[in-house]
Number of protein chains: 2
Amino acid sequence: MKTSQTIPEKKLAKNSTSLAPSCDETLYATCEAVGDLIQFWGFKKLTGMVWCYLYLSPEPCSALEIREGLGISAGSVSMTLKELLHWGVVSRSTPHGERTQQFTAEGDLWKMVSKVLRERDLEQIERTLDTLRNSREALFPADRSKKESLEKFRAARLTEMIQAGNLVSGLLSKLLKTGRINVRPFWPFHLGSLVGSGARKKQSQKKGTRS
Amino acid sequence: MKTSQTIPEKKLAKNSTSLAPSCDETLYATCEAVGDLIQFWGFKKLTGMVWCYLYLSPEPCSALEIREGLGISAGSVSMTLKELLHWGVVSRSTPHGERTQQFTAEGDLWKMVSKVLRERDLEQIERTLDTLRNSREALFPADRSKKESLEKFRAARLTEMIQAGNLVSGLLSKLLKTGRINVRPFWPFHLGSLVGSGARKKQSQKKGTRS
DNA sequence: CAAGTATTTCAAAAATTGTTGAAACATCAA
DNA sequence: TTGATGTTTCAACAATTTTTGAAATACTTG
């Protein structure tokens with residue numbers, strides 16, 4: 001939701017004479033762009049930048065190199081790497097009997113994305129769905145017979161939200177399981193703006209989809 | 001990335017005697033859950049809460065009602081509503097010659113989601129892609145002949161990221177255009193973990209996908 | 001073990017973001 | 001126009017998040 005910070009002057013202009021951006025500038029800008037995207041996705045900007053720095057490095061990097069390459073503190077590097085390791089998108093190695101550990105970015109982008117989708121986004125959706133289901137239950141317990149219309153209305157809207165959540169959650173799981181999206185179901189409510197192209201009209205109520 | 005704040009005691013326990021949560025508590029909890037989800041998605045929590053409050057209201061609400069219902073300040077209500085109006089997910093109406101304006105939540109969840117996906121997420125991806133393409137160009141201009149291997153490596157990785165971005169962006173656009181996901185292509189790199197279920201193996205290089 | 005270097009931790013500082021409340025503004029009726 | 005009420009704005013305040021830097025810890029070698 002937020003973007004660029006003041007660009008640290010750092011050691012950027014190490015070899016700045018040419019008109020074209022020096023390699024370091026380009027590198028930094030790239031890391032920043034990725035950092036922004038990753039921040040947009042809910043992580044810290046630095047997390048994205050460090051990952052990108054590693055991803056663009058043919059050789060494993062030491063913490064010190066990252067530190068200098070991005071102009072951040074030792075503490076930041078350490079904590080960011082810890083986070084990246086936790087997410088399994090960076091791996092650590094200590095070559096032979098060296099004392100300095102080296103870091104490498106996971107080369108498979110999909111692994112990275114899917115891990116986060118699964119462990120973070122999917123879980124957040126489920127968390128929300130739980131609350132919504134509880135709310136509906138509280139509003140509309142056993143007998144759904146005579147009830148104030150207010151509660152009826154709310155229960156109906158909750159149902160809409162829950163169905164939407166189920167749909168998203170289902171799509172996500174499927175994508176994560178098969179690595180492929182190939183689903184027919186579409187947003188099943190208020191079809192309003194949805195006049196999708198050619199395909200059968202089946203409303204798609206898959207068995208597994210509780211709602 | 002963050003969650004609950006201390007729950008304002010407000011006027012919650014208005015009619016708290018029953019064991020089951022009072023309606024207001026349930027309502028508040030629901031709004032909070034949605035607020036959290038929306039916050040997770042990059043908005044302010046209040047934005048989600050206010051939207052949810054309206055969405056669960058059969059009648060249009062005045063600013064005052066929201067103010068009291070959620071226990072927030074007049075300023076917050078005003079600014080949050082402004083934002084929601086901007087996103088087109090809430091509409092304003094002033095019944096007859098009344099002086100108090102009323103607010104209603106858009107009932108179509110898809111409209112809401114798609115608007116944000118289009119105007120925010122898609123744009124962020126495009127922004128990032130622009131930078132990545134520029135970087136690659138800077139690293140690897142016209143002649144892609146003899147070049148240091150470092151630059152070669154980086155250009156290759158940039159290409160991977162760009163392709164991934166193109167894929168996501170393409171899927172999103174398609175989804176937004178047709179309201180339906182029905183694509184065969186899958187993540188085209190490092191197939192590693194992807195052993196998708198039954199479907200042809202075509203690598204899918206659709207014409208429109210620049211990379 | 002001691003010295004030297006690498007790494008982590010974490011309290012405090014900095015930066016950012018979110019909220020309030022009161023003043024300014026708008027609108028309408030009398 | 002004035003008074004009453006509803007709405008917006010925005011500077012100050014509050015809360016949260018991020019980053020730093022220095023102390024503590026770990027690890028290796030001599």
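Each chain gets a letter, A, B and so on, in the order its sequence line appears, and its residues count up from 1.
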Between protein and nucleotides 1-11 of chain C, what N or O pairs are separated by less than 3.5 Å?
{"residue": "dT7(C)", "atom": "OP1", "partner": "Q101(A)", "partner atom": "N", "Å": "2.7"}
{"residue": "dT7(C)", "atom": "O3'", "partner": "Q101(A)", "partner atom": "OE1", "Å": "3.3"}
{"residue": "dT8(C)", "atom": "OP1", "partner": "R92(A)", "partner atom": "NH1", "Å": "3.2"}
{"residue": "dT8(C)", "atom": "OP2", "partner": "S78(A)", "partner atom": "OG", "Å": "3.1"}
{"residue": "dT9(C)", "atom": "OP2", "partner": "K82(A)", "partner atom": "NZ", "Å": "3.1"}

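- Taking atom CZ of F43(A) as the reference point, atom C1' of dT18(D) lies 16 Å away to the nearest angstrom.
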What verdict does the side chain to side chain contact (heavy atoms under 4.5 Å, CB included) test give for W41(B) and D121(B), after you've listed the backbone C-alpha separation in whole Å, the side-chain angles of each residue and the deciding distance to 0.1 Å?
CA-CA 10 Å; W41(B) 202 18; D121(B) 299 46; 3.5 Å; yes

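- Put simply, CD1 on I72(B) is 16 Å from C1' on dA15(D), counting in whole angstrom units.
- For the pair K45(A) NZ and dT17(C) P, the computed distance is 11 Å after rounding to whole Å.
- Distance CD (E83(A)) to C1' (dT18(D)): 12 Å, rounded to an integer number of Å.
- The shortest distance between side-chain heavy atoms of T30(B) and Y53(B) does not fall below 4.5 Å.
- Regarding I66(B), its CD1 atom lies at a distance of 14 Å from the P atom of dG6(D), rounded to whole Å.
- To the nearest angstrom, P of dT9(D) lies 12 Å from CG of L85(B).
- With hydrogens and angles disregarded, no donor-acceptor distance shorter than 3.5 Å links the side chain of E98(B) to the backbone of T100(B).
- A salt bridge between K45(A) and E32(A) is present, with a side-chain N of the basic residue lying under 4.0 Å from a carboxylate O of the acidic one.
- A distance of 10.5 Å separates NE2 in H86(B) from NZ in K82(B), rounded to the nearest 0.5 Å.
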Yes or no on salt bridge (Lys or Arg N to Asp or Glu O under 4.0 Å) for D130(A) and R133(A), after CA distance, side-chain angles and deciding distance?
CA-CA 5 Å; D130(A) 272 352; R133(A) 292 200 194 95; 3.5 Å; yes

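- Taking atom CD of E98(B) as the reference point, atom P of dG6(D) lies 10 Å away to the nearest angstrom.
- When rounded to the nearest whole Å, the span between CD1 of I38(B) and P of dG18(C) equals 14 Å.
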